[in-house]
Participant: 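Attaching a single structure in structure tokens format; questions to follow.
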Amino acid sequence: MATGIVLGINANLVKVKFKGAVRQNEIAYLQCLDGDLKIATRLKSEVIRIKMDIAEVQVFEDTKGLKPNDPVEFTGELLSVELGPGLLGQVFDGLQNPLELLAKETGFFTPRGFELPKLEKTKKWCYQPTSKLGDKLTAGEALGKVKENAFDHLIMIPFALKAHWEIAWLAEAGDYDLTEVVAKIKNSEGMTKDLTLVTSWPVKWPIAAFKERLKPNTPLTTQIRLVDSLFPICKGGTYAIPGPFGAGKTVLQQLTSRFAQVDIVIIAACGERANEVVETIKEFPKLIDPQTGKSLMERTIIICNTSSMPVAARESSVYTAVTLAEYYRQMGLDVLLLADSTSRWAQALRERSGRLEEIPGEEAFPAYLESVIASFYERAGLVELKNGKQGSVTIGGTVSPAGGNFEEPVTKATLKVVGAFHALSRERSDARKFPAIHPLESWTKYQGQLSKKQRDQAIGLLFRSSEIEQMMKVVGEEGTTLEDFWIYLKGELFDQIFVQQNAFDPVDTASPEVRQKYLFDLLTKVIACDFRVKDKEAARKIIQQIRQSLIDFNAIPWEEDQKISEQAEKIKGLLYKKEEAP
Ligand code: ADP
Ligand code: MG
């Protein structure tokens, strides 16, 4: 392996003069001989640029105390994650250090250079071979499985291996830990490999050991009405949630992670404030998975890099998260990756690019920002695996543009690549209209359960209603026709009952797809009704009554079908009680 010495230090960017061969993105350890302590602290870093015999590395930790001439060891290995059973339920940092264990070992302040095994090595897993001697398999095909919480965690031929590998030896079914060999494989050239339950993969390379990519076509139900019915997303698709500070990005991501109908959720908390992240980590294990009745953590992985952790590790947290997502996709599972916030990640890129003195693009972001963002979202996708099953990675990223201005580079670059756009608005969050996704600024390319016509009609009503509202601010209610006033009232009603959803009401917080359709159809009847009242006061009164009945409707548990249909009948009854019909 190559070795070197520190030449110069610019915050997290360090120049190293090396001897031997060094490659882009390989990991190097800087030996920081700190003050009186005679022991060196090993600081982990990644090679980001090589010129002749000088490598520039970004250090994942504070470089305080590092001096010129301090020794450097290169590892020859790319920044990688360990993939195997035991990932679910963990909270990792961007370098896959298990944070809970780290806290137990080192207390509140983790000393620099402290690394723990990424996955627990000695825990036993109940392994069952699913292949037999002589089977010829290729990368990504399963040879065995272990039970990890509710899932069959497949043990696969390592993703980087080319051509066919024959099973030369198989361990019997039984309990094995991550250090024990469970299979031996050989290829036609006589090469052999020992396989354990764990494998590793460089985070910046997509895992692509599948048959083919498919076009996302199945809606991913989040149980958020505004999303599923009006701006749907698909399994294997991508979407962005831009919004100013405090507009509800994090709350929306958390609701999605609880209620979205997927197998596994991976949360990449990237560069957000530490207290928010701590809250997430504390809250999550307490939450019950509505699908299984067990702790939500059993199907969740959190990757967390707060704003107080070194900036360099933010970038790796996003890649670590997407690599874990791809790994579970290879098992035929539907994975949802939520990245909060991609702006903080882009800021880390900007900082690094500045130190590298690269030619800056718009707002000092690197000129390659767009391609970096695009290649991240491209790792989402619905795929057909070699066994004919399907798996998906859906990516939803929040963007936090300064001042809520969507005309900035990160939002613009994201807009170009995602399939749906859920724009959070300050105006709506200030009015406490949650989720504060603005129905007139959002869009989607995916098809959900409602037809395009139904969606266009609903959004058209909201649009007209908001136009009339603006006009009324100028001309007053008296200056508005009764006809327009009705459109305004009906638009408001649709907004309050369907678009807004109460995250604090145990029933309304999650709305199953069938329920959304039922409510949509009910509201369509209300909107289509010609009430034939003679003045605005009477119109307001009728809508008020209907609104209250609909709010009550939204609070009735869906399982109580008797009550649901009674309440729906009551609402329909109000439609034809034309007290003042001519
Ligand atoms: P951001 O991540 O965009 O900065 P947050 O998600 O932290 O914003 O939301 C800020 C605050 O707005 C929350 O603390 C909460 O009070 C309120 N809020 C956001 N979303 C909702 C919601 N769906 N229902 C109720 N309140 C919400
Ligand atoms: Mg937030």
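In each ligand, atom 1 is the first atom listed, and ligand 1 is the first ligand listed. Everything numeric in this text was worked out from a predicted model, so none of it was measured.
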Participant: Under 4.0 angstrom from ligand 1, any heavy atom of A247?
Facilitator: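 Contact check A247 vs ligand 1: positive.
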Participant: Output yes when K412 and E363 qualify as a salt bridge under the 4.0 Å nitrogen-oxygen rule, no when they do not.
Facilitator: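 Result for this pair is no, no salt bridge flagged.
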Participant: Tell me, do V393 and R379 make a side-chain contact under 4.5 Å, heavy atoms counted?
Facilitator: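 No, side chains not in contact.
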Participant: With sequence neighbours left out, write down each residue that passes ring pair (Phe, Tyr, Trp, His ring centres under 6.0 Å) with Y377, or none if nothing qualifies.
Facilitator: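 With sequence neighbours excluded, Y377 shows a ring pair (Phe, Tyr, Trp, His ring centres under 6.0 Å) to no residue whatsoever.
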Participant: Report, in ascending order of atom number, the atoms of ligand 1 lying under 4.0 Å from any heavy atom of F245.
Facilitator: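 This gives 4 (O) as the contact atoms.
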Participant: Does the shortest distance from the Mg ion (ligand 2) to an N/O/S atom of T250 fall below 2.8 Å?
Facilitator: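 Given the 2.8 Å cut-off, T250 counts as a ligand of the Mg ion (ligand 2).
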Participant: Could you work out, with ring pair (Phe, Tyr, Trp, His ring centres under 6.0 Å) as the rule, every residue matching F259, not counting sequence neighbours?
Facilitator: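 Listed in chain order: nothing, the list is empty.
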Participant: Is there a nitrogen or oxygen of P435 sitting under 3.5 Å from a nitrogen or oxygen of ligand 1?
Facilitator: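 No, since none of the N or O atoms of P435 sits under 3.5 Å from an N or O of ligand 1.
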Participant: Where the closest heavy atom to atom 20 (N) of ligand 1 is concerned, which of L255, V251, I241, L424 has it?
Facilitator: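 Going through L255, V251, I241, L424 one by one, V251 has the nearest heavy atom to atom 20 (N) of ligand 1.
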Participant: Of the backbone atoms (N, CA, C, O) and the side-chain heavy atoms from C-beta on, which set of P244 has a member under 4.0 Å from an atom of ligand 1: side chain, backbone, both, or neither?
Facilitator: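 P244 to ligand 1: backbone contact only, side chain stays beyond 4.0 Å.
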Participant: Is there at least one pair of N or O atoms, one from T250 and one from ligand 1, spaced under 3.5 Å apart?
Facilitator: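 The answer is yes, given that T250 and ligand 1 share an N or O pair closer than 3.5 Å.
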Participant: Please work out which of P242, G248, S341 has its closest non-hydrogen atom nearest to atom 9 (O) of ligand 1.
Facilitator: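 Among P242, G248, S341, the closest heavy atom to atom 9 (O) of ligand 1 belongs to G248.
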Participant: So for atom OH, which belongs to Y368, do other residues, nucleotides or ligands contribute more than 12 heavy atoms lying within a distance under 6.0 Å?
Facilitator: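 Correct, the count exceeds 12.
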Participant: Is the shortest side-chain N to carboxylate O distance from D521 to K525 below 4.0 Å?
Facilitator: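 Result for this pair is no, no salt bridge flagged.
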